[in-house]
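Everything numeric here is computed off the predicted structure, so don't read it as measured data. Each ligand, and each atom within it, is numbered from 1 in the order the structure gives.
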Amino acid sequence: MRRFIIAGNWKMNKTIVDAIELANGIKRELYDIESLDIVICTPFTALSEVGEVVVDSNIDLGGQDLFWEEKGAYTGEISAGMLKDAGCKYVIIGHSERRKHFAETNETVNKKLKSALKTGLLPIVCVGERLEEREAKKTFDVIKDHVENSLKGISKEDILKTTIAYEPVWAIGTGKTATPEQAEEVHAFIRGLLTKLYDEATASAIRIQYGGSVTPDNVEGLLGKENIDGALVGGASLKLDSFSSMIKKASKLK
Ligand code: PGA
């Protein structure tokens, strides 16, 4: 059975002091949750100190991006090894905001994915269609393109360490969540693609999270669906009460 994974993506929010305070709160509120994986992805500047807060707890740390080279003259970039050094277990790759604002492509996602896996980080690879693509009935084409090309050359052993996040771009930060049925339709499609790329046993072991305006009010409906194995949460992960209440609700579902 797949274990739920709920990851908070703090994006470009929180000073170090605020990040430590929120992480301490999360740790205190959720110390006894064992039935699912909890991840917080803080800005780079807060990783190391939040890492000290959550060390030896049931909360894991994640980065929001990485660069694929190990080290060198790449001003402004952070490597997989640096994320590990700061205490990260996970890393988000290919978030739609990176695709939109920073020219991320399937090709760069693939390079980052390989680097993360080689370094022993657990990747969360984001895929998702834009509103105009959904309206043009191109959702499945876009998802197929994102999944097949982002995962190119990834072995069966490595794909099992990878989480896929389905994040319809039109639902991110807009308050417009996909309905559980809309999300489940795409999650099932992704699992079908993974079956073709790997095999049924492998595909059924891979976790597929949903992301896009997940809140304590809609988390149970979404996670109640067969192929939805968790959530990647932006806005609602920035406040202790909403993040902890959605995790408590999710923990009771399995
Ligand atoms: P949101 O963001 O929950 O604020 O919609 C989700 C995400 O971008 O991962």
Side-chain angles (χ1 to χ4, degrees), residues 4-14 18-19 22 26 36-44 46-47 59-66 83 88-104 109 112-113 116 121-131 133-134 139 142-143 146-147 150 162-180 182-183 186-187 190 207-223 225 228-250:
F4 284 148
I5 172 168
I6 298 195
N9 173 10
W10 293 5
K11 307 191 180 180
M12 197 173 71
N13 293 291
K14 309 252 174 236
D18 291 345
L22 179 55
I26 292 170
L36 57 85
D37 292 335
I38 307 167
V39 186
I40 49 179
C41 302
T42 80
F44 292 141
L47 281 174
I59 318 288
D60 291 319
L61 190 67
Q64 298 176 13
D65 184 32
L66 80 164
L83 290 180
C88 290
K89 181 169 172 186
Y90 289 87
V91 61
I92 299 171
I93 301 176
H95 191 280
S96 62
E97 286 151 16
R98 300 234 38 107
R99 291 181 189 257
K100 180 176 174 199
H101 300 298
F102 305 99
E104 193 84 81
V109 170
K112 291 179 177 189
L113 176 58
L121 288 168
L122 302 178
I124 296 174
V125 176
C126 304
V127 302
E129 81 286 2
R130 291 178 284 128
L131 181 61
E133 292 166 336
R134 175 161 282 261
T139 298
V142 173
I143 299 299
H146 283 181
V147 169
S150 301
T162 305
T163 298
I164 311 288
Y166 168 55
E167 298 210 304
V169 179
W170 47 272
I172 296 177
T174 57
K176 240 198 248 172
T177 328
T179 63
Q182 278 174 321
V186 180
H187 281 235
I190 294 171
R207 296 190 289 190
I208 309 174
Q209 288 176 307
Y210 168 79
S213 299
V214 181
T215 66
D217 293 335
N218 59 29
V219 70
E220 288 161 303
L222 288 159
L223 271 56
K225 290 290 179 192
I228 303 185
D229 309 313
L232 182 55
V233 187
S237 75
L238 294 172
K239 293 217 176 84
L240 178 58
D241 56 350
S242 49
F243 192 61
S244 52
S245 106
M246 85 170 66
I247 287 182
K248 285 177 189 169
K249 285 183 176 180

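For E129 (side chain) and V142 (main-chain N/O), no donor-acceptor pair under 3.5 Å exists by modelled atom type. Formation of a donor-acceptor pair under 3.5 Å by the Y210 side chain with backbone atoms of G212 is found in this model. S213 places a side-chain N or O within 3.5 Å of a backbone atom of G175 that can act as its donor or acceptor partner.
E97 has no carboxylate O lying under 4.0 Å from a charged side-chain N of K100, or vice versa, which leaves the two without a salt bridge. K89 and D60 are joined by a salt bridge, as a carboxylate oxygen and a charged side-chain nitrogen come within less than 4.0 angstrom of each other.
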Note down each nitrogen or oxygen pair, ligand 1 side and protein side, whose separation is under 3.5 Å; give only atom names and the distance to 0.1 Å.
{"residue": "ligand 1", "atom": "2 (O)", "partner": "K11", "partner atom": "NZ", "Å": "3.3"}
{"residue": "ligand 1", "atom": "2 (O)", "partner": "G234", "partner atom": "N", "Å": "3.4"}
{"residue": "ligand 1", "atom": "3 (O)", "partner": "S213", "partner atom": "N", "Å": "3.4"}
{"residue": "ligand 1", "atom": "3 (O)", "partner": "G234", "partner atom": "N", "Å": "2.8"}
{"residue": "ligand 1", "atom": "4 (O)", "partner": "G235", "partner atom": "N", "Å": "2.8"}
{"residue": "ligand 1", "atom": "5 (O)", "partner": "G173", "partner atom": "N", "Å": "2.6"}
{"residue": "ligand 1", "atom": "5 (O)", "partner": "S213", "partner atom": "N", "Å": "2.7"}
{"residue": "ligand 1", "atom": "8 (O)", "partner": "K11", "partner atom": "NZ", "Å": "2.7"}
{"residue": "ligand 1", "atom": "8 (O)", "partner": "H95", "partner atom": "NE2", "Å": "2.6"}
{"residue": "ligand 1", "atom": "9 (O)", "partner": "H95", "partner atom": "NE2", "Å": "3.3"}
{"residue": "ligand 1", "atom": "9 (O)", "partner": "E167", "partner atom": "OE1", "Å": "3.4"}
{"residue": "ligand 1", "atom": "9 (O)", "partner": "E167", "partner atom": "OE2", "Å": "2.7"}

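In summary, the side chains of H95 and Q64 do not present any donor paired with an acceptor at a separation below 3.5 Å, with no hydrogens or angles considered.
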